[in-house]
Amino acid sequence: MEAIRQEIARTVRRILLERFGEAPERVAVEYPPQPGMGDLASPVAFEMARRLRRAPRDIARELAAAFPPLPGVAGVASGGAGYLNVSLDRAAAARALAREVASPAPPSDGEKIIVEHTNINPNKAAHIGHLRNAVLGDTLARCLRFSGRRVEVQNYIDDTGVQVADLVIGFRDILRGGVEEAKAVGDRFDQFCWDLYARVTEMYTAFPEKLALRPPVLKALEEGHGEIAALGAYLTRRIVNCHLDTMARIGVRYDLLPWERDVLAFRFWETTFALLKERRAITLVAEGERQGCWVMALEGRRFADLKEGEKILVRSDGTVTYVGKDIAYQMWKFGLLPADFRYEPFRDEPDGHRVWTTTRRPGASPRPAFGGGARVYNVIDVRQAYLQAIVVEGLRSLGHREQAERSTHFSYEMVALTPKSAETLGLPLNEEDRGRPYLEMSGRRGLGIKADDLLDALEKEALREVTWRAPDLDPREAAALGRDIAVGALRYLMIKYTRNKVLAFDFDEALSFEGESGPYLQYAVVRARGIFEKMAAAGGPDEAEAARLARAAEFNLPAGEGAEEHWALLMQIARFRETVAQALETLELSQIAKYAFALAQKFNSFYHKYPVMKEPDARWKTARVVLTHLFLAQMRHAFALMGIPVPARM
RNA sequence: GCGCCUGUAGCUCAGGGGACAGAGCAACGGCCUUCUAAGCCGUGGGUCAGGGGUUCGAAUCCCUUCAGGCGCGCCA
């Protein structure tokens with residue numbers, strides 16, 4: 001569809017230049033809102049009207065008259081107050097679409113793209129905010145791969161920060177324990193830590209002097225040896241495994257886990273620090289409050305509110321701030337550091353996918369090449385926009401302008417709780433809280449919905465629906481269906497909103513499997529497949545035969561409303577790839593969700609109105625078999641991008 | 001205070017120069033001897049926050065006011 005749109009735009013532009021001597025740089029070709037206005041349309045005559053001092057309608061008429069025969073185009077006419085309406089050759093369009101849906105994914109090659117996402121502090125269980133991050137990041141990676149890009153997914157583990165330090169303090173100073181006591185904790189270790197971490201925060205509130213415990217623990221974690229570091233290493237590794245388990249439930253995979261302690265151990269920071277000093281991008285503060293700190297001066301409106309116009313990269317005690325380490329990490333991602341990590345397998349997922357980790361041990365060989373990306377997407381919520389801007393500014397100040405421009409902060413708004421959801425969790429709310437549109441979650445206070453709890457609730461609800469509909473189903477099969485439906489519901493929920501909108505989480509909405517939801521889309525697909533199952537069993541065309549019919553489609557249906565509805569479904573199916581391309585361009589993945597939903601709606605309506613298997617007229621039947629096949633094939637592609645499973649039945 | 005984001009139907013949200021502003025939920029009324037009712041069809045519901053401007057054309061772009069959120073740490 002994209003090819004023909006561009007061809008029409010080029011042709012219109014050429015005619016304009018030939019006949020009027022001028023034309024806009026870009027000729028818009030859009031989809032008309034109503035049937036009867038053609039399949040594609042351009043409002044270019046309106047734009048030209050003023051420049052040419054002529055009525056738009058006249059210009060559109062002249063354009064239509066001058067339009068040459070074009071492969072794939074059946075007719076051109078002027079319409080409305082001056083639109084140029086183009087009708088397509090339907091048979092050709094159907095055949096082209098049949099080839100497109102059957103074409104294999106392009107090989108992933110060329111420049112490497114690094115997508116960093118998830119990045120949960122390894123001191124507690126993942127919550128629903130982390131799910132939004134992981135689903136967006138994973139969907140982005142899938143879309144990039146679908147469009148032929150080579151992608152490496154990294155999940156950065158910040159194991160030397162304050163949050164981990166506080167968890168270590170929880171084990172050491174509240175539980176009076178160490179590695180052995182931690183090992184004794186049973187299942188759901190991350191949830192145990194969730195509660196313990198909240199207790200540490202309570203301790204600081206009650207006894208502020210306890211905050212003095214923190215700096216030495218931080219320092220020990222950074223230095224990476226001794227008992228504290230050993231405890232930290234045990235806790236973080238075990239929690240990261242919990243996070244990977246959680247994410248595996250919704251089909252999210254990683255290629256590499258870079259650990260912050262290794263950014264330090266392999267002297268990435270020291271190297272970057274030296275470069276920054278050499279470039280005079282940072283200075284040592286000689287006096288005042290910040291005496292002894294290394295700071296980066298930042299100019300421009302974006303940074304106008306920064307205290308002193310500077311950002312501290314090295315604290316007066318010599319430890320590095322998060323931003324400092326992140327600049328070094330970003331440098332490595334682009335292959336701009338002379339050093340590299342060492343690597344070893346972290347674990348193998350049940351599907352055989354191997355997750356690698358950075359390591360201070362000798363490292364494994366052979367191994368894939370990591371880092372050295374040509375473009376980097378950092379999937380991080382909008383509250384860190386400031387820090388991300390500083391990281392990019394760091395690259396720029398080191399002279400890496402191009403890499404700075406190829407660094408993209410894929411930002412999205414946070415997930416919050418509706419007051420109703422918060423009360424369901426048993427949180428005490430005052431009048432002001434109840435009046436708010438949403439309440440922010442807080443890992444520090446243990447306030448939020450854990451990812452595994454939400455997934456459990458979704459699976460339970462889905463299983464209830466499954467067994468209600470099919471009481472005799474084998475329990476294992478029912479459980480598998482429940483999982484598929486839960487994943488579909490969750491992933492659709494997480495991408496259906498535009499990214500710059502706060503997602504106010506509501507239990508009732510999340511647990512609803514009707515209307516604009518993942519299960520609605522899954523149901524449409526299952527129904528389409530059901531048609532082929534029934535037909536194949538009755539000796540009719542199966543999916544492979546339908547694909548052959550589609551490649552030879554004639555699509556010459558008796559003119560009328562029915563034909564237009566069939567055609568409208570085909571047009572919607574055809575818009576998939578341009579939707580994906582646009583989603584990648586704008587980084588607005590919700591467009592894919594909205595597209596798939598609209599397509600499922602059209603199909604459900606079609607399904608209800610037009611029998612496929614039992615249609616006696618061969619022309620209609622073939623057209624419907626072809627449409628059902630095209631719908632199913634395209635939806636499978638869309639599901640693969642969104643990570644939504646196709647349940648065996650519903 | 002400064003910066004960023006948001007304001008569209010009762011609620012949650014699409015649409016971000018182009019043809020009469022859309023969807024889901026909720027409400028109401030229909031449709032299961034016909035490929036699965038997690039579905040389909042229909043009804044009602046709008047000062048696109050307010051004001052000014054640009055344009056042949058503005059929910060969309062610009063200015064401004066109001067309301068809400070987030071950010072501005074030797075936390076991340």
Side-chain angles (χ1 to χ4, degrees), chain A residues 28 30 32-34 37 41-44 46-47 49-50 55-56 79-83 119 121 158 161-163 165-166 214-215 218 285 289-290 292-295 301-307 311-317 319 321-323 325-326 380-387 389 411 413-414 416 418 436-438 440 444 462 465-466 468-470 485 496-498 500-504 506 508-509 512-520 522-524 526-528 530-535 538 590-591 593-594 597-598 601 604-605 607-615 624 628 649-650:
Chain A
E30 14 187 86
Q34 293 274 315
M37 298 170 169
S42 178
V44 71
F46 293 100
E47 204 176 335
R50 194 166 54 121
Y83 284 91
N119 300 12
N121 273 310
D158 177 8
V162 169
Q163 301 216 22
D166 283 350
R214 199 187 262 166
L218 264 175
V285 179
E289 233 180 15
R290 298 178 160 195
C293 293
W294 285 89
V295 299
R301 240 165 51 127
R302 261 202 88 84
F303 303 108
D305 49 348
L306 250 189
K307 206 172 160 188
K311 177 70 197 173
I312 293 171
L313 298 191
V314 181
R315 306 184 185 101
S316 52
D317 69 355
T319 54
T321 60
Y322 170 80
V323 195
K325 286 177 272 198
D326 219 26
I380 308 177
D381 85 62
V382 70
R383 289 172 295 186
Q384 292 199 42
Y386 213 76
L387 282 302
S411 79
E413 263 289 0
M414 63 175 168
T418 58
R436 289 176 186 275
Y438 53 81
E440 201 172 338
R444 223 164 256 291
E465 294 277 340
V466 167
W468 179 75
R469 274 159 233 269
I485 292 164
K496 78 169 181 177
Y497 295 102
T498 44
N500 54 8
K501 220 131 202 175
V502 174
L503 198 167
D506 181 80
D508 293 339
E509 194 204 341
S512 165
F513 298 156
E514 292 167 11
E516 195 191 342
S517 68
Y520 177 95
Q522 291 173 314
Y523 189 58
V526 167
R527 281 172 135 187
I531 292 175
F532 284 116
E533 278 167 17
K534 278 256 163 86
M535 276 196 302
S590 61
Q591 290 178 1
K594 295 286 174 191
F597 173 63
Q601 267 183 319
N604 270 336
S605 189
Y607 177 93
H608 178 259
K609 198 165 174 182
Y610 301 109
V612 179
M613 190 163 84
K614 290 169 187 163
E615 170 58 45
R624 289 174 198 166
T628 304
R649 52 177 291 183
M650 281 181 84

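Letters A, B, ... mirror the listed sequences (proteins, then strands); counts begin at 1. Worth saying up front: this structure is predicted, and the values here are computed from it rather than measured.
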**Q** Contact class for A:V285 vs. all strands (heavy atom < 4.0 Å): base, sugar-phosphate, or nothing?
**A**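 The answer is nothing, as A:V285 stays clear of every strand by at least 4.0 Å.
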**Q** For B:C32, is chi within 90° of 0 (syn) or not (anti)?
**A**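 Syn conformation for B:C32.
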**Q** Base, sugar-phosphate, or nothing: which does A:Q591 touch, judged by heavy atoms less than 4.0 Å apart?
**A**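 Answer is nothing: A:Q591 stays at 4.0 Å or more from every strand.
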**Q** Under 4.0 Å between a side-chain N/O of A:R383 and OP1 or OP2 of B:C4, yes or no?
**A**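 Result: no.
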**Q** Between the protein and nucleotides 56-60 of chain B, list every N/O to N/O distance that falls short of 3.5 Å.
**A**
unit_1: B:C56; atom_1: OP1; unit_2: A:R50; atom_2: NE; d: 3.3

**Q** Output, in order, the C-alpha distance, side-chain angles, deciding distance and verdict of side chain to side chain donor-acceptor pair (under 3.5 Å) for A:Y520 and A:N604.
**A** CA-CA 10 Å; A:Y520 177 95; A:N604 270 336; 3.1 Å; yes
**Q** In terms of side-chain heavy atoms of A:N121, which of B:A76, B:C35, B:A23 is nearest?
**A**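 Of the candidates, B:A76 comes closest.
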**Q** When all nucleic acid strands are considered with a 4.0 Å heavy-atom cut-off, which category describes A:Y523: base, sugar-phosphate, or nothing?
**A**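 Touches a base.
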**Q** Check whether any side-chain N or O of A:Y607 sits under 4.0 Å from OP1 or OP2 of B:U34, and answer yes or no.
**A**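 Answer no for this pair, as no side-chain N or O of A:Y607 is under 4.0 Å from OP1 or OP2.
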**Q** Could you please name the option among B:G73, B:G71, B:G24 that lies closest to any side-chain atom of A:E516?
**A**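 Per side-chain heavy atoms of A:E516, the pick is B:G24.
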**Q** Counting only side-chain N and O atoms of A:R436, is one of them less than 4.0 Å from OP1 or OP2 of B:G69?
**A**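 Indeed, a polar side-chain atom of A:R436 lies that close.
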**Q** Output the pairing pattern of RNA chain B as a dot-bracket string, 5' first, Watson-Crick or G-U wobble with both distances under 3.5 Å, | for cross-strand pairs, [ ] for crossing pairs.
**A** (((((((..((((....[...)))).(((((.......))))).....(((((..]....))))))))))))....
**Q** Heavy-atom nearest nucleotide on RNA chain B for A:Y83 versus A:M535: which residue maps closer to 5'?
**A**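 On the 5' side of the pair lies A:Y83.
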**Q** Check whether any side-chain nitrogen or oxygen of A:K594 sits under 4.0 Å from OP1 or OP2 of B:G22, and answer yes or no.
**A**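 Answer is no, no contact under 4.0 Å.
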**Q** Pair A:Q163, A:D158 - check side-chain contact (heavy atoms from CB on, under 4.5 Å), show working.
**A** CA-CA 9 Å; A:Q163 301 216 22; A:D158 177 8; over 6 Å; no
**Q** I want to check one thing: is the phosphate of B:A76, taken as OP1 and OP2, less than 4.0 Å away from some side-chain N or O of A:R315?
**A**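 Result: yes.
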**Q** Within the structure shown, what part of the strands sits under 4.0 Å from A:V382 by heavy-atom distance: base, sugar-phosphate, or nothing?
**A**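 Counting heavy atoms under 4.0 Å across all strands, no contact is made by A:V382.
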**Q** So A:S605, base contact, sugar-phosphate only, or nothing? Heavy-atom distance under 4.0 Å.
**A**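 Sugar-phosphate only.
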**Q** When the distance from OH of A:Y322 to P of B:A76 is rounded to whole Å, what number comes out?
**A**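 Distance, rounded to whole Å: 9 Å.
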**Q** In whole angstrom, give me the gap between the P atoms of B:G22 and B:G69.
**A**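 One P to the other, the span is 33 Å.
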**Q** Please measure how far the C1' atom in B:A26 lies from the corresponding atom in B:C5, and state the result in whole Å.
**A**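 Result for the C1' pair: 29 Å, nearest Å.
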**Q** For a 4.5 angstrom cut-off between non-hydrogen side-chain atoms, does A:L218 reach A:V162?
**A**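 With C-beta onward as the side chain, the pair touches.
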**Q** Can you check the distance between B:C11 and B:G57, where both ends of the measurement are the P atom (answer in whole Å)?
**A**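 To the nearest whole Å, 33 Å.
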**Q** Would you mind telling me which of B:C35, B:A19, B:U8 lies closest to the side-chain atoms of A:K501?
**A**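 Of B:C35, B:A19, B:U8, B:U8 is nearest to the side chain of A:K501.
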**Q** Walk me through whether A:R383 and A:E440 qualify under side-chain contact (heavy atoms from CB on, under 4.5 Å).
**A** CA-CA 12 Å; A:R383 289 172 295 186; A:E440 201 172 338; 2.5 Å; yes
**Q** Considering only atom P, compute the distance from B:C48 to B:G42 and round it to an integer number of Å.
**A**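 Each nucleotide's P atom is 26 Å from the other's.
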**Q** For the side chain of A:Q34, counting heavy atoms from C-beta on, which of B:C35, B:G39, B:C20 is nearest?
**A**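 Looking only at side-chain atoms, A:Q34 lies closest to B:C20.
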**Q** Touch check for A:A41, heavy atoms < 4.0 angstrom, all strands: base, sugar-phosphate only, or nothing?
**A**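 Base: the residue A:A41, judged by heavy atoms under 4.0 Å, touches a nucleobase.
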**Q** Side chains of A:E465 and A:M650: does their closest heavy-atom pair fall under 4.5 Å?
**A**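 They are not in contact (no side-chain heavy atoms under 4.5 Å apart), so the answer is no.
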**Q** Contact class for A:P32 (heavy atom, under 4.0 Å): base, sugar-phosphate, or nothing?
**A**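 Touches a base.
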**Q** Taking atom C1' in both B:C40 and B:A49, what distance in whole Å separates the two?
**A**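 B:C40 and B:A49 have their C1' atoms separated by 37 Å.
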**Q** What's A:Q163 touching, base or sugar-phosphate or nothing? Going by heavy atoms closer than 4.0 Å.
**A**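 Nothing, no nucleic acid heavy atom in range.
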**Q** Looking at A:N500, does any N or O in its side chain come under 4.0 Å of the phosphate oxygens OP1/OP2 on B:U6?
**A**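 For B:U6, OP1/OP2 do have a side-chain N/O of A:N500 under 4.0 Å.
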**Q** For the residue pair A:K311 and A:V323, establish whether any side-chain heavy-atom pair is separated by less than 4.5 Å.
**A**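 Answer yes - side chains close enough.
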**Q** In whole Å, what separates the P atom of B:A21 from that of B:U43?
**A**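 Going atom to atom, P in each nucleotide, I get 16 Å.
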**Q** Between B:A76, B:G69, B:C35, spot the one nearest the side chain of A:Q384, thanks.
**A**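 The answer is B:A76.
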**Q** Indicate, with a heavy-atom threshold strictly under 4.0 Å, whether A:Q601 touches base, sugar-phosphate, or nothing.
**A**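 Sugar-phosphate, no base atom in range.
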**Q** In the structure I gave you, are the side-chain heavy atoms of A:P611 and A:R624 within less than 4.5 Å of one another anywhere?
**A**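 Contact flag for A:P611/A:R624 side chains = yes.
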**Q** Mind checking the P distance from B:A67 to B:G10? Whole angstroms is fine.
**A**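 Between the two P atoms, the distance is 22 Å.
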**Q** Scan A:V314 against the nucleic acid and name what it touches under 4.0 Å (heavy atoms): base, sugar-phosphate only, or nothing.
**A**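 It contacts nothing in the nucleic acid.
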**Q** Considering only atom C1', compute the distance from B:G44 to B:G3 and round it to an integer number of Å.
**A**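 It works out to 44 Å between them.
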**Q** Salt bridge (Lys or Arg N to Asp or Glu O under 4.0 Å) with A:R290: which residues, sequence neighbours excluded?
**A**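 If we apply the salt bridge (Lys or Arg N to Asp or Glu O under 4.0 Å) test to A:R290, skipping adjacent residues, the hits are A:E310.
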**Q** Considering only side-chain heavy atoms of A:E30, which listed nucleotide, B:C74, B:G69, B:G18, is closest?
**A**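 So the side chain of A:E30 is nearest to B:G18.
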**Q** Using a heavy-atom cut-off of 4.0 Å across all strands, would you classify A:Y497 as base, sugar-phosphate, or nothing?
**A**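 Answer is sugar-phosphate: A:Y497 comes under 4.0 Å of backbone atoms only.
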**Q** A:R649 near the nucleic acid: base, sugar-phosphate alone, or nothing, with a heavy-atom cut-off under 4.0 Å?
**A**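 A:R649: base contact, heavy atoms under 4.0 Å.
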**Q** Report the residue (A:H608 or A:P33) whose heavy-atom-nearest nucleotide on RNA chain B is the more 5′ of the two.
**A**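 The residue whose closest nucleotide sits nearer the 5' end is A:P33.
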**Q** Are A:M535 and A:F532 close enough that some pair of their side-chain heavy atoms sits under 4.5 Å apart?
**A**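 A:M535 reaches A:F532 side chain to side chain.
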